[in-house]
Chemist: 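Just dropping this structure here.
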Amino acid sequence: AQRVTQPEKTLSVFEGDPVQLKCNYSYSGSPDLFWYVHYPKQRLQLLLRHISRESVKGFTADLNKGETSFHLEKQFAQEEDSAMYYCALSGTVAGFARKQNTNPLVTGDTSL
C-alpha cells in the first residue's frame with residue numbers, strides 16, 4: 001500500500017520555537033515526496049520537494065529512507081507560518097499526489 005501519514009492533527013508552538021511536522025510514508029519504490037502549504041485566503045502552494053534539498057522560508061525536509069519519513073522542520077516558527085501543511089506522495093505520474101494528509105500549524109505568543 002502506498003500512503004503517507006501525519007500523526008499530529010494540530011500542532012501549536014510558541015513563536016520563535018523550533019517546529020517539526022512529521023510525515024511518514026509507505027512506498028515500495030523510490031518515493032517522490034512533497035510538502036504543500038495552504039495559507040489562509042491563498043491558494044495551495046508547493047513548499048518543498050524531497051529532491052530539491054533546499055530551504056524555503058526557513059523550512060527544510062530531509063528524506064529518511066531508513067525511517068521512511070520526510071519531516072518538515074523550521075528552527076524558529078513565526079506567526080506567518082500559521083497554515084495547513086500537506087505531505088504528499090506521488091507515484092509514477094509527475095505532479096499527481098496519490099495520498100495526502102493535512103497538518104495545521106498554529107503559531108503565536110501563546111499556545112492554543
Side-chain angles (χ1 to χ4, degrees):
Q2 301 171 4
R3 63 185 170 92
V4 293
T5 55
Q6 292 176 249
E8 299 95 357
K9 299 298 179 201
T10 302
L11 188 61
S12 298
V13 297
F14 290 100
E15 191 167 6
D17 282 355
V19 62
Q20 181 185 65
L21 300 174
K22 294 184 179 180
C23 175
N24 298 302
Y25 68 90
S26 174
Y27 189 73
S28 58
S30 182
D32 200 4
L33 291 154
F34 306 83
W35 275 101
Y36 289 89
V37 61
H38 189 195
Y39 294 107
K41 300 180 184 178
Q42 293 185 24
R43 291 183 173 193
L44 188 67
Q45 303 169 39
L46 175 63
L47 184 62
L48 291 171
R49 184 175 181 185
H50 87 275
I51 60 170
S52 64
R53 296 186 179 267
E54 62 185 345
S55 173
V56 177
K57 297 183 179 181
F59 285 100
T60 59
D62 288 319
L63 178 64
N64 185 326
K65 290 185 178 180
E67 294 181 5
T68 60
S69 66
F70 186 54
H71 303 325
L72 183 66
E73 298 178 337
K74 187 170 185 180
Q75 193 170 8
F76 304 104
Q78 298 173 323
E79 188 174 352
E80 56 266 23
D81 296 328
S82 295
M84 296 290 288
Y85 290 82
Y86 300 84
C87 183
L89 168 66
S90 179
T92 56
V93 180
F96 176 75
R98 280 193 194 215
K99 298 283 185 179
Q100 67 182 25
N101 284 307
T102 62
N103 194 339
L105 171 64
V106 179
T107 61
D109 293 328
T110 58
S111 182
L112 303 175

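These figures come from a predicted structure and were not determined experimentally.
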Chemist: Go through the structure and list residues passing side chain to side chain donor-acceptor pair (under 3.5 Å) with E73, not counting sequence neighbours.
Modeler: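 Listed in chain order: Q20.
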
Chemist: Checking side-chain contact (heavy atoms from CB on, under 4.5 Å) for the pair D32/R49: CA distance, chi angles, key distance, verdict?
Modeler: CA-CA 8 Å; D32 200 4; R49 184 175 181 185; 2.7 Å; yes

Chemist: Check the angle between the aromatic planes of F70 and H50 and answer parallel, tilted or perpendicular using the 30° and 60° thresholds.
Modeler: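 Aromatic pair F70/H50 classed perpendicular.
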
Chemist: Please list all pairs passing the side-chain hydrogen bond (donor to acceptor under 3.5 Å, both in side chains) test where one or both residues lie in residues 58-72, with sequence neighbours left out.
Modeler: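 Counting only pairs at least two positions apart or across chains, no side-chain hydrogen bond (donor to acceptor under 3.5 Å, both in side chains) contact touches residues 58-72.
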
Chemist: Donor-acceptor check, side chain of K74 to backbone of K57, threshold 3.5 angstrom: yes or no?
Modeler: yes

Chemist: Would you indicate whether the side-chain heavy atoms of Y25 and L63 approach each other to under 4.5 Å?
Modeler: yes

Chemist: Write down the atom of R3, the atom of L89, and the distance for their closest heavy-atom approach.
Modeler: N-CD2, 3.8 Å

Chemist: I'd like to know whether D81 forms a side-chain contact (heavy atoms from CB on, under 4.5 Å) with V19, so could you lay out the CA-CA distance, the side-chain angles of the two residues, the decisive distance to 0.1 Å, and finally the verdict.
Modeler: CA-CA 10 Å; D81 296 328; V19 62; 5.9 Å; no

Chemist: I need the minimum non-hydrogen distance between Q6 and K9, along with the two atoms involved.
Modeler: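 Closest heavy-atom pair between Q6 and K9: O-NZ, 4.4 Å.
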
Chemist: Compare all side-chain heavy atoms of L11 with those of Y85 and state whether any distance is below 4.5 angstrom.
Modeler: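 Side chain of L11 against side chain of Y85, heavy atoms only: no contact under 4.5 Å found.
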
Chemist: Of all the heavy-atom pairs spanning P7 and N24, show the shortest one and how long it is.
Modeler: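 In this case the closest contact between P7 and N24 is CG-ND2, 4.1 Å.
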
Chemist: For S82 versus P40, what's the shortest heavy-atom pair and its separation?
Modeler: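 Smallest heavy-atom distance, with atoms named: O-CD, 3.7 Å.
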
Chemist: Do Y36 and L47 come close enough that some side-chain heavy atom pair is under 4.5 Å?
Modeler: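 No. Closest side-chain heavy atoms not under 4.5 Å.
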
Chemist: Would a single hydrophobic cluster contain both L21 and F76, if residues Ile, Leu, Val, Met, Phe, Trp and Tyr are joined by side-chain heavy-atom contacts under 4.5 Å?
Modeler: no

Chemist: Does Q75 CD have over 12 foreign heavy atoms under 6.0 Å away?
Modeler: no

Chemist: Using the six-membered ring wherever Trp is involved, compare the ring planes of Y86 and H38 and label them parallel, tilted or perpendicular (cut-offs 30° and 60°).
Modeler: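 Y86 and H38: tilted rings.
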
Chemist: State, yes or no, whether a side-chain contact exists between L72 and C23 at a heavy-atom distance under 4.5 Å.
Modeler: no

